[in-house]
Protein chains: 2
Amino acid sequence: MIALPDTASPLYEKVKDYILTNIGTGKWSKDRKLPSENEFVATLGVSRMTVHRALRELTSAGFLIRLQGVGTFIAPPRPQSTLIEINNIAAEIVARGNRHRSEVIVLEKIMPTKELALSFEFTKRTSVYHSVVVNFENDLPVQLEERFVNPSLIPDYDKQDFSKTATYDYLMQKTPVTEVEHIISAIPADAETARHLAVDVGSCCLLLHRRTWTGAIVATISKLTYVGSRYSLGSRYSPSKSP
Amino acid sequence: MIALPDTASPLYEKVKDYILTNIGTGKWSKDRKLPSENEFVATLGVSRMTVHRALRELTSAGFLIRLQGVGTFIAPPRPQSTLIEINNIAAEIVARGNRHRSEVIVLEKIMPTKELALSFEFTKRTSVYHSVVVNFENDLPVQLEERFVNPSLIPDYDKQDFSKTATYDYLMQKTPVTEVEHIISAIPADAETARHLAVDVGSCCLLLHRRTWTGAIVATISKLTYVGSRYSLGSRYSPSKSP
DNA sequence: AGCTGACAAAAGTATATACATGTACGTATA
DNA sequence: TATACGTACATGTATATACTTTTGTCAGCT
């Protein structure tokens, strides 16, 4: 029977520390199977639910991999991925010390096209909100945002004054986002985009396609167009620190 | 007694969904106290431990705030930042089931320009490695990568055959990245870029500027140019799940 | 050789119960 | 009046127990 340290922390945390230490020091080799829950019960003298909680949390933190009916294993080092952060454009502009202003072009309720309904994963025909807003930095247009919003989650979207509240702020405040999908590409400006952003037709734009989910429901679909020469998405990120 | 949906998911997940939906639809207002665990037990007809697990996981995911002895509350909207993941391009192409190939244009050791030395945060004049590689997807060029590499961290960079090993793979394997900086913009192709990527001069490209650090030292500076019409950066991300 | 079914092992889920700990609040007491 | 105490109620932790689901193994049959 192994004694866990007599510190002022919950038992399941002590078990987590015990396991992490054994992994960190290499006492448990990378490919070996870890003791089963019942073996931990025997060697540590705690209940299986306590061991289970420790193992579950270490698994969700990415340290372990568990296969039901097989066992618990040490997770291989994560495949490196580098991350870009996309923030609220209004806040960003203000943070740069510039003046933000937005102009509402369209705010309406429409029946979605077949394609859009598909993107919303709708099973029956439902209308959605549609907004088009231009965001200005010091009176220079930098972003054209077209949004489609699921009214079942945000029922009063069209009652808002988006020249005062940023659409982003409003949406983030109204409904929790559980998942985000992004696609970034570079495209030439079409006639309408060029007009709203005050650039030449065909000039380079950054197109950011975004879908957000609340649970299993698609909450918003956005098409954000940035003027290539006036805006860039930036970030600095530490992979080691959790977000 | 409220009936939870009869789907094939664990009970605690149904409880989580039930709570998230009620938050999402605004049925539970932002500042109101949520029902207590025992009230959930009564209204949902599940045990307190199940409710407790659902609430605990939603709390650690940042949706709720709990105070022992007081109650459970809806967390204020996080300063939401949505993240884009950038992966190894070679792996991505292979993952799509396509053929990846790369062509080394330049691999040399040079004295950096003043501007570049500044980006490296060099205090004294040191030479750096410089590589230019074109990445092909099914013989179509999709990315032009220009890299500058700090030789104090990766001393034998110029000894590699980058038509076989992707530069990304090599670097990720050689040195741990503790920090990454990204800037994404959209620019028209200049003459040389256009030649290497086999597009017209002036056509839209996605430009990804990247700096990576190992500890306090700038390890690499990269300029990755993607053909706008042939490539897009994409990601799907769950803020609630830990990485 | 290959399939099948029985069995065992391991994690996953769900409940009941107990006690610990922290907060709020009313009431008794110095 | 101000402090102390008791009570109610909230979340947090720990255990015991039962059952389910997934996976692997292996004997036995075709």
Side-chain angles (χ1 to χ4, degrees), chain A residues 1-20 22-23 28 31-76, chain B residues 1-20 22-23 28 31-76 241-242:
Chain A
M1 178 96 85
I2 294 167
L4 294 171
D6 194 14
T7 55
S9 62
L11 203 40
Y12 68 87
E13 288 289 350
K14 291 180 197 165
V15 175
K16 283 168 72 174
D17 282 346
Y18 169 74
I19 294 169
L20 277 183
N22 278 323
I23 295 176
W28 293 339
D31 39 351
R32 210 194 66 176
K33 203 170 88 166
L34 256 60
S36 76
E37 295 188 352
N38 281 318
E39 285 168 338
F40 277 119
V41 167
T43 58
L44 300 180
V46 298
S47 85
R48 189 169 83 90
M49 289 307 288
T50 302
V51 173
H52 181 71
R53 176 164 178 185
L55 290 170
R56 175 154 45 85
E57 294 191 355
L58 288 178
T59 304
S60 93
F63 292 107
L64 302 177
I65 290 177
R66 316 195 76 192
L67 292 178
Q68 189 172 154
V70 183
T72 303
F73 307 86
I74 298 174
Chain B
M1 178 97 87
I2 293 167
L4 295 170
D6 193 14
T7 55
S9 62
L11 202 40
Y12 68 88
E13 288 290 350
K14 290 180 198 165
V15 175
K16 284 168 71 174
D17 281 347
Y18 169 75
I19 293 168
L20 274 183
N22 277 324
I23 296 175
W28 293 339
D31 38 351
R32 210 194 67 178
K33 203 169 87 165
L34 255 60
S36 75
E37 295 187 353
N38 281 318
E39 283 168 339
F40 277 120
V41 168
T43 58
L44 299 180
V46 298
S47 83
R48 188 171 82 91
M49 289 307 290
T50 302
V51 172
H52 182 71
R53 176 164 179 186
L55 290 169
R56 175 155 43 85
E57 293 190 357
L58 288 178
T59 303
S60 91
F63 292 109
L64 302 176
I65 290 176
R66 315 195 76 192
L67 293 177
Q68 187 172 158
V70 183
T72 304
F73 306 86
I74 298 174
K241 290 165 199 153
S242 39

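Here is the naming used below: chain letters follow the sequence lines, and residue numbers restart at 1 for every chain. Worth saying up front: this structure is predicted, and the values here are computed from it rather than measured.
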In whole Å, what is the span from the [atom1] atom of [X] to the [atom2] atom of [N]?
X      : N       : atom1 : atom2 : result
F40(B) : dA10(D) : CZ    : P     : 12 Å
R53(B) : dA16(C) : CZ    : C1'   : 17 Å
L34(B) : dT11(D) : CG    : P     : 9 Å
L58(B) : dT11(D) : CG    : C1'   : 15 Å
E57(B) : dG12(D) : CD    : C1'   : 15 Å
M49(A) : dA16(D) : CE    : P     : 12 Å
H52(B) : dT13(C) : NE2   : C1'   : 16 Å
L44(B) : dA14(C) : CG    : P     : 13 Å

Taking the side chain of [X] as its heavy atoms from C-beta onward, which of [options] lies nearest to it?
X      : options                   : value
N38(B) : dT11(D), dT15(C), dT15(D) : dT11(D)
R48(B) : dA14(C), dA10(C), dA18(C) : dA18(C)
S36(B) : dA11(C), dT11(D), dT15(D) : dT11(D)
P10(B) : dA16(C), dT13(C), dA14(D) : dT13(C)
Q68(A) : dA10(C), dA16(D), dT21(D) : dT21(D)

Nearest heavy atoms of K14(B) and S9(B), plus distance in Å | CE-O, 3.2 Å

Exercise: identify the closest heavy-atom pair between F40(A) and P35(A) | CE1-O, 3.4 Å

Tell me which of G69(A) and E39(B) sits closer to the 5' end of DNA chain D, going by the nucleotide each one is nearest to.
-> E39(B)

Pick the nucleotide of DNA chain D nearest each of V70(A) and V46(A); which residue has the one closer to the 5' end?
-> V46(A)

Would a 4.5 Å heavy-atom cut-off, applied to side chains only, mark L44(B) and L11(B) as touching?
-> no

Could you check if a side-chain atom of H52(B) sits within less than 4.5 angstrom of a side-chain atom of R66(B), using non-hydrogen atoms only?
-> yes

Can you check whether [X] has a side-chain N or O nearer than 4.0 Å to OP1 or OP2 of [N]?
X      : N       : value
R56(B) : dT11(D) : no
T50(B) : dT13(C) : no
Y12(B) : dT13(C) : yes
T72(B) : dA10(D) : no
R66(A) : dA10(C) : no

Across the strands shown, which category fits L67(B) at heavy-atom distances under 4.0 angstrom: base, sugar-phosphate, nothing?
-> sugar-phosphate

Between K33(A) and E39(A), does at least one N-O distance fall below 4.0 Å, as a salt bridge requires?
-> no

Hey, are E37(B) and R56(B) close enough for a salt bridge, meaning a charged N less than 4.0 Å from a carboxylate O?
-> no

